[in-house]
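Worksheet: the structure to be examined is printed underneath.
Heavy-atom basis, side chains included; hydrogens, waters and symmetry copies ignored.
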Amino acid sequence: MLRSTLLAASRSEAIRELVERTPLTRPVVKRFISGDDVDAAVATTGEVLADGRYVTLDHLGEDTRDAEQATATVEAYLDLLRRLELAGHTDRAEVSVKLSAVGQFLPVDGEKIALENARRICAAAGAVGTTVTLDMEDHTTTDSTLGILHELRVDFPWVGAVLQAYLRRTEQDCRDLAHAGSRVRLCKGAYKEPASVAFQDKADVDLSYVRCLKVLMAGEGYPMVASHDPRLIAIATELAKDRPRDSYEFQMLYGIRPDEQRRIAAAGHRMRVYVPYGDEWYGYFMRRLAERPANVAFFLRSLITTG
């Protein structure tokens, strides 16, 4: 019930305005978001890389309905990539892109515009020696996103995909994408979805995650295990025991279980941290609260303590 309420709130403009206006929210947001601008993003990247972890950066924003805003998002990514190159970070830092932020939902030629905008970002990433992963959003975008991924991989075969284990279709999508050269991030999923397309019970989602993970680990692609769940991390580690250490990686979100992130990296596994930045943080922040009750408790404790 709490998760459903928070996910619904992530789409509410009224609640968004209330949360964004509350001064006490900002110190808590900093746990999950590196900052409002590219300077903060590059600084955080340096800090994470310093102790052996890797990074993927997300310029926050989604559901863009304005072509100029979509273009501005592309320019923000191009600037970010230039700054990462100047800082010498592009060997271990890449970017993650939500297609809805670069035009996917525009009323006229949205998919075409998103493809061309994503192509610009991929070309810039390739030029500085790094990669791009296409974030996945709610189930209504899955076919569109995978279609754009297919088009991008013609010129940029290293573009990463994200699949969400709570969707009933994902095990088959994993089979389709578990081929040589294919980078696939497997996560549980963070959007409110109907039972017709997504598993609703946590146990069922976990079982789906393991089934999908087995498919990816048995394939010739590059699995990216995105989970904070100790049991799933242990299962992934066992499944990967016969794979070269550079043929898969673990991923976790910035601000969540940082000590475990460092432990995994110190054990010789590639550990990548998903670092979001920007002032469009509300939807992302609410989904992080919805994922784990501990996040809500942390949020409430922080408000009480700060107050």
Side-chain angles (χ1 to χ4, degrees), residues 6-13 15-16 20 32-33 36 41 56-81 94-125 131-153 156 159-164 166-167 169-170 173 184-194 197-198 226 253 274-288 290-291:
L6 288 169
L7 290 176
S10 73
R11 297 283 188 175
S12 169
E13 284 301 317
I15 298 176
R16 172 178 179 156
E20 290 183 341
F32 303 107
I33 296 161
D36 288 342
T56 185
L57 287 145
D58 172 21
H59 178 77
L60 290 169
E62 55 194 83
D63 296 350
T64 299
R65 308 285 175 167
D66 179 81
E68 290 185 1
Q69 185 178 354
T71 300
T73 298
V74 175
E75 293 299 330
Y77 272 105
L78 301 187
D79 183 41
L80 171 63
L81 288 163
E94 65 139 40
V95 297
S96 289
V97 178
K98 287 183 175 61
L99 291 175
S100 75
V102 295
Q104 190 178 31
F105 291 166
L106 294 178
V108 179
D109 292 330
E111 287 192 11
K112 180 180 178 181
I113 291 169
L115 171 60
E116 291 309 310
N117 282 337
R119 196 185 301 278
R120 290 183 62 197
I121 297 171
C122 290
T131 54
V132 176
T133 295
L134 300 184
D135 278 335
M136 192 63 76
E137 302 178 66
D138 69 64
H139 80 279
T140 64
T141 69
T142 303
D143 285 330
S144 171
T145 299
L146 292 179
I148 291 172
L149 172 77
H150 179 75
E151 293 291 333
L152 289 171
R153 282 185 169 178
F156 311 102
V159 175
V162 176
L163 297 176
Q164 301 175 110
Y166 69 172
L167 295 182
R169 61 174 287 170
T170 298
D173 287 333
V184 179
R185 178 195 299 156
L186 180 66
C187 64
K188 287 187 179 182
Y191 294 82
K192 182 175 173 56
E193 302 283 15
V197 301
L253 300 172
Y274 187 99
V275 177
Y277 75 99
D279 55 12
E280 292 290 322
W281 49 263
Y282 174 74
Y284 177 89
F285 176 66
M286 295 301 287
R287 289 193 295 274
R288 298 295 76 76
E291 283 175 345

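- Here the closest non-hydrogen pair linking A125 and L81 is N-CD1, 3.7 Å.
- R120 has a carboxylate O that lies under 4.0 Å from a charged side-chain N of E75, or vice versa, which qualifies the two as a salt bridge.
- Taken from CG in L146 to CG in L163, the straight-line distance is 6.5 Å, to the nearest 0.5 Å.
- G61 and A101 make their closest contact through O-CB, 3.3 Å (heavy atoms, listed as atom of the first residue, atom of the second, distance).
- Residue L78 comes nearest to A124 through the heavy atom pair CD2-CB, 3.4 Å, listed as atom of the first residue, atom of the second, then distance.
- The shortest distance between side-chain heavy atoms of F32 and L253 does not fall below 4.5 Å.
- Across every non-hydrogen atom of I121 and V95, the tightest pair is CG2-CG2, 4.3 Å.
- Each of L167, D173, T145 was evaluated against M136; a single residue qualifies, T145, per the side-chain contact (heavy atoms from CB on, under 4.5 Å) test.
- No side-chain donor-acceptor contact under 3.5 Å links R169 to the backbone of V197.
- In terms of heavy atoms, A114 sits closest to G103 at CB-C, 4.0 Å.
- Inter-residue side-chain proximity for V159 and C122 is flagged as met; some heavy-atom pair is nearer than 4.5 Å.
- Going from atom CG of D58 over to atom OH of Y274 covers 3.0 Å, rounded to the nearest 0.5 Å.
- Here the shortest heavy-atom pairing between A41 and L80 reads CB-CD1, 4.4 Å.
- In this structure, Y166 contributes its side chain and Y191 its backbone to a donor-acceptor pair below 3.5 Å.
- Within the 4.5 Å cutoff, no side-chain heavy atoms of F156 are placed close to those of V132.
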**OP:** Go through the steps to decide whether L115 and L152 satisfy the test side chain to side chain contact (heavy atoms under 4.5 Å, CB included), and finish with yes or no.
**Re:** CA-CA 7 Å; L115 171 60; L152 289 171; 3.8 Å; yes

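- Taking a cutoff of 4.0 Å between a charged side-chain nitrogen and a carboxylate oxygen, K192 and D138 do not qualify as a salt bridge.
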**OP:** For the pair T141 and Q104, evaluate side chain to side chain donor-acceptor pair (under 3.5 Å) and give the outcome as yes or no after the intermediate values.
**Re:** CA-CA 9 Å; T141 69; Q104 190 178 31; 4.9 Å; no

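- With values rounded to the nearest 0.5 angstrom, Y277 atom OH is found 12.5 Å from I33 atom CD1.
- Under the 3.5 Å distance criterion, the side-chain polar atoms of Y77 are matched with a main-chain donor or acceptor of H59.
- Note that OG of S144 is 11.0 Å distant from CG of L149, once rounded to the nearest 0.5 Å.
- The backbone N or O of Q69 lies less than 3.5 Å from a partner atom in the side chain of D66, making a donor-acceptor pair.
- Looking at heavy atoms from C-beta onward, T133 lies in side-chain contact with R185 at the 4.5 angstrom threshold.
- In this structure, the side chain of T170 engages the main chain of Q164 through a donor-acceptor pair within 3.5 Å.
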